[in-house]
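For reference, the structure is listed below as structure tokens.
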There are 2 protein chains.
Amino acid sequence: MTTIRDVARISGYSVSTVSRVLNHKNYVSDGVRRNIQKVINDLDYVPNDVARDLSRGRTKNIGVVVPNVEHPYYTDIIRGIMAAAFAAGYNVLMLPSRYEPQVEHGYLDQLRRRAFDGLIFTSHTMPVADMVPYKKYGEVVVCHDPGSIDISAAYTERGPSYRAAFRWIQRRHYHNVGLVLPRGVDISATSSATIVAYTRVFGTAPEPRLVRTGVMSYSDGYAAAEYYHSQNLAPDFIFANGDDIAAGILQYYRDNHLQAPALMGQENQLSGQLLGIPTIDHHFRDVGAAALRLAIGAASGQFPVHSDFIPR
Amino acid sequence: MTTIRDVARISGYSVSTVSRVLNHKNYVSDGVRRNIQKVINDLDYVPNDVARDLSRGRTKNIGVVVPNVEHPYYTDIIRGIMAAAFAAGYNVLMLPSRYEPQVEHGYLDQLRRRAFDGLIFTSHTMPVADMVPYKKYGEVVVCHDPGSIDISAAYTERGPSYRAAFRWIQRRHYHNVGLVLPRGVDISATSSATIVAYTRVFGTAPEPRLVRTGVMSYSDGYAAAEYYHSQNLAPDFIFANGDDIAAGILQYYRDNHLQAPALMGQENQLSGQLLGIPTIDHHFRDVGAAALRLAIGAASGQFPVHSDFIPR
DNA sequence: TTGTAAGCGTTATCAG
DNA sequence: CTGATAACGCTTACAA
């Protein structure tokens with residue numbers, strides 16, 4: 001392996017001067033610069049990134065914790081993160097967590113060991129408060145409203161669009177509304193925000209039997225519809241946690257030659273567009289981009305991102 | 001920041017002894033080990049990963065080049081890579097390429113600068129031959145059959161399952177078969193393998209007008225169906241590059257109240273299962289896992305993965 | 001079993 | 001403008 005010292009020795013200049021031309025710094029005359037550059041080219045030398053990182057005390061890597069890669073929420077947010085990271089010259093480490101708190105803690109420890117400069121939790125199971133002590137080792141960013149906890153965050157502002165959506169449903173006189181949610185209301189910010197908005201608009205909490213949680217995919221949607229039907233529940237409207245999920249719900253009714261209820265999705269996916277159903281665009285790519293800017297220290301604080309209700 | 005030297009100084013032992021307890025090595029007495037461990041705990045010390053990597057000459061990072069994150073081919077292969085990486089204690093760097101050769105070269109340069117130990121191309125535009133010189137800097141792995149080029153590879157063996165699929169189609173006397181492919185035959189291994197298998201089974205090359213390329217998603221499928229219809233082409237069968245794509249095709253015909261042709265998909269996705277159409281399972285997760293093992297040097301050479309035709 | 005000291009390959013400070 | 005040299009924080013021969 002050829003090192004900066006080889007370049008110095010062969011070019012006849014010092015290591016520091018070589019370092020300067022490497023980093024395009026001033027205080028090196030054009031002639032010397034050319035000479036050294038020639039040796040660099042001749043030797044086909046490139047600096048070692050790890051040595052550089054150690055010396056500089058930073059890695060230009062950002063860790064991104066993802067429970068699973070398949071859900072559109074994550075793919076969108078990841079695309080936002082990756083695009084912003086690429087633009088800023090950062091690399092993204094994908095850190096799978098499967099929602100396991102121990103694994104999540106492991107990644108915070110990697111941050112402490114300086115394996116990356118910042119850490120983004122696209123979602124997590126461990127308490128946010130437990131993350132705070134790690135801020136001294138690097139930027140820690142979550143992707144939901146952290147409330148009063150002092151941690152950087154980028155997230156969609158769900159309240160306004162959820163309320164707009166429920167008002168839209170209410171105006172059309174649907175009164176048996178099924179809610180199909182991702183995870184339990186106790187652990188999912190999405191789910192609880194949905195319930196809160198529903199309650200505020202309709203003046204009453206949703207009928208518990210019409211609320212399904214743990215629904216994250218097309219197939220889960222299909223199964224949720226099966227549940228409604230098997231339980232003889234006949235919602236006249238289903239508010240789903242994604243357009244693809246709504247498509248799964250519809251597919252169940254179609255497959256069984258049943259009259260499907262009216263539907264609303266989220267994420268503004270192609271499926272919703274094709275089905276012609278209303279949706280909510282949470283702009284998760286923007287959330288991802290904002291999260292990355294927080295993680296690299298280009299911004300700080302809370303970044304609520306506006307979301308849009310799209311009636312159809 | 002507290003370093004290994006602090007631990008040495010405070011515990012009264014040498015840096016090397018501390019290093020030994022850190023790395024759970026032999027040749028350190030139990031008493032000393034306990035003393036040092038106590039100081040480590042008291043100081044809340046953790047080793048710096050970057051310094052470690054520099055000293056050891058490896059990063060335990062693997063770079064994974066992905067043109068885009070959304071296509072199911074990539075999500076499946078990425079899941080396989082990530083699962084295997086997690087199991088092996090490696091971190092995965094996601095490297096977006098958008099099929100741009102310059103960007104791809106940039107990642108090979110990062111490999112040369114030792115930013116990661118190995119590099120996996122899930123797909124690429126640059127010639128494989130150009131990657132060979134970089135093997136001396138770390139493992140380089142591609143995810144398709146590299147032919148005679150000497151480079152590590154993990155890929156699905158498409159031939160047998162493609163031929164089985166086309167024989168199935170032939171037995172049912174379809175004679176106007178549309179092919180919906182990802183990228184041009186010149187650059188896509190998938191596309192050319194499809195054409196080759198078709199030709200071998202039917203004894204004649206596919207009708208050019210019935211071949212659509214550049215189709216990677218549900219919406220592309222929708223558009224492809226629109227093309228067939230607008231051109232007054234009426235394939236009696238469409239072989240699609242994915243179940244979701246087949247779903248998009250079907251949706252077009254449904255939306256326009258047209259008689260849809262028979263369909264076959266790929267990837268064994270949920271959509272295909274629900275539509276009840278035949279599919280081909282390429283086991284991309286296994287491909288990803290194999291690719292990772294190659295990238296970390298746990299295996300070497302070529303890893304063809306068996307694929308299955310699933311008639312329905 | 002423990003310690004000394006030489007790397008690992010850069011960057012950055014401080015003289016000249 | 002250029003050069004010594006001390007970090008950066010750890011691992012690992014080689015000694016003791």
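Keep in mind that the numbers below use all heavy atoms, side chains included, and drop hydrogens, waters and symmetry copies.
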Where is the tightest heavy-atom contact between B:D49 and A:A115, given as atom of each residue plus distance?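 Heavy-atom minimum between the residues: OD2-CB, 3.6 Å.
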Taking all non-hydrogen atoms of both residues, which atom of A:P96 and which atom of A:V103 are closest, and how far apart? O-CG1, 3.5 Å
Which residue lies more 5' along DNA chain C, comparing A:S19 with B:N26 via nearest heavy atoms: B:N26
Categorize [X] for me: base, sugar-phosphate, or nothing, with a 4.0 angstrom heavy-atom threshold over every strand shown.
{"X": "B:T3", "result": "sugar-phosphate"}
{"X": "A:V21", "result": "nothing"}
{"X": "A:V32", "result": "sugar-phosphate"}
{"X": "B:N23", "result": "sugar-phosphate"}
{"X": "A:S29", "result": "sugar-phosphate"}
{"X": "B:R114", "result": "nothing"}

[X] has an atom [atom1]; how far is it from atom [atom2] of [N], in whole Å?
{"X": "B:D6", "N": "D:dC10", "atom1": "CG", "atom2": "C1'", "answer": "13 Å"}
{"X": "A:I4", "N": "D:dG3", "atom1": "CD1", "atom2": "P", "answer": "12 Å"}
{"X": "A:L54", "N": "D:dA6", "atom1": "CG", "atom2": "P", "answer": "17 Å"}
{"X": "B:R56", "N": "D:dA13", "atom1": "CZ", "atom2": "P", "answer": "13 Å"}
{"X": "A:Y27", "N": "D:dA4", "atom1": "OH", "atom2": "P", "answer": "20 Å"}
{"X": "B:R5", "N": "D:dT11", "atom1": "CZ", "atom2": "P", "answer": "11 Å"}
{"X": "B:H24", "N": "D:dT11", "atom1": "NE2", "atom2": "C1'", "answer": "16 Å"}
{"X": "A:R33", "N": "D:dC1", "atom1": "CZ", "atom2": "P", "answer": "10 Å"}

Any side-chain N or O of B:K25 less than 4.0 Å from the OP1 or OP2 oxygen of D:dT12?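 Result: yes.
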Quick check: does any side chain N or O of [X] sit under 3.5 Å from a backbone N or O of [Y], one acting as donor and the other as acceptor?
{"X": "B:S192", "Y": "B:A189", "result": "yes"}
{"X": "A:D117", "Y": "A:K60", "result": "yes"}
{"X": "B:T122", "Y": "B:Y74", "result": "no"}
{"X": "A:Q302", "Y": "A:A154", "result": "no"}

B:R112 vs A:D44, test: salt bridge (charged side-chain N to carboxylate O under 4.0 Å, His left out). Steps then yes/no. CA-CA 11 Å; B:R112 190 151 81 110; A:D44 203 28; 3.2 Å; yes
If an axis is fit to five pairs at each end of the helix from C:dT1-D:dA16 to C:dG16-D:dC1, what is the angle between the two, to the nearest 10°?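 The value is 40°.
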Tell me yes or no: between the side chains of A:N61 and A:R114, is some donor less than 3.5 Å from an acceptor? no
Winner on side-chain proximity to B:S55, out of D:dG9, D:dA13, D:dG3, is D:dG9
With nearest nucleotides of DNA chain D determined for A:T17 and B:V15 from heavy-atom distances, which residue corresponds to the more 5′ nucleotide? A:T17
Could you pick out which residue, B:R20 or A:A51, lies toward the 5' side of DNA chain D when each is mapped onto its nearest nucleotide? A:A51
Rounded to the nearest 0.5 Å, what separates atom CG in A:D286 from atom CZ in A:F303? 11.0 Å
What are the bounds, 5' to 3', of the part of DNA chain C that sits under 4.0 Å from heavy atoms of chain A? C:dG9 to C:dA12
May I ask you to decide whether B:K38 forms a salt bridge with B:D42, counting only side-chain N to carboxylate O separations under 4.0 Å? yes
